[in-house]
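For reference, the structure discussed in these notes is given below.
Everything numeric in this text was worked out from a predicted model, so none of it was measured.
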Amino acid sequence: MIELKENRLDVKTYLELRDSVNWKKITKEQAQTALSRSLFTVCAYEDGVPVGMGRIVGDGVIIDYIQDLVVRPEVQSCGVGRMIIRSLIDYVKKSKLPDSEIMLCLMCAKGREKFYEKFDFIPRPTADLGPGMIQYIWDEAESKVQ
């Protein structure tokens, strides 16, 4: 049975779940800062073992982002991701200001678009919306090594 726990995601679990899907390595300091600046986190547990997590970042009134939605490979396609994303969307719906609209965005891994479309996310670009874009910023010394 899957249990969701809100706003209790710790650094160790966060790093372990990221590692389980081979995401870029980050430092403990980065993880701690990211978690402390999150608006909302949710972690899924199966028999007490963390199997997935997600978090919301943003300003909470105009634009929020679903960030770091991770489900361990061995439990993917078992409904854990659906539970997590519903929890994240519900948080944003409940926290938005009355009589206002909030934009909920995300960037998904290649090939995962169909999953998010089930929750009414719109792939970009569209006729009215340009493509999403990204920039990685690192120290000058590191850029010479890469």
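Under the 3.5 Å distance criterion, with hydrogens and angles disregarded, no donor-acceptor pair is assigned to the side chains of T41 and R55.
From L106, atom CG reaches atom CG of D68 across 11.5 Å, with rounding to the nearest 0.5 Å. Taking CD of Q32 as the reference point, atom CD1 of I26 lies at 10.5 Å (rounded to 0.5 Å). Here CD1 of I63 is found 4.0 Å from SG of C105. Values are rounded to the nearest 0.5 Å. The structure places CD1 of I89 at 12.5 Å from NZ of K94, a figure rounded to the nearest 0.5 Å. In this structure, C78 SG and I2 CD1 are separated by 8.0 Å, a value rounded to the nearest 0.5 Å. Once rounded to the nearest 0.5 Å, the distance linking NZ of K5 with CE of M53 reads 16.0 Å.
The backbone N or O of Q30 sits nowhere less than 3.5 Å from a side-chain atom of T33 that would complete a donor-acceptor pair. The backbone N or O of V70 sits nowhere less than 3.5 Å from a side-chain atom of R18 that would complete a donor-acceptor pair. Side-chain N or O atoms of T13 include none that pairs as donor or acceptor with a backbone N or O of L9 at under 3.5 Å.
The shortest distance between side-chain heavy atoms of I134 and M107 falls below 4.5 Å. The side-chain heavy atoms of Q67 and S38, taken from C-beta on, include no pair separated by under 4.5 Å.
Note: Y91 and F40 have parallel aromatic rings, judged against thresholds of 30 and 60 degrees for the angle between ring planes.
Counting heavy-atom neighbours within 6.0 Å of Y65 OH, excluding the residue itself, gives a total of 12 or less. Heavy atoms from other residues, nucleotides or ligands lying under 6.0 Å from CZ of R112 number 12 at most.
The existence of a salt bridge linking K96 and D64 is excluded, since no basic side-chain nitrogen approaches an acidic carboxylate oxygen closer than 4.0 Å.
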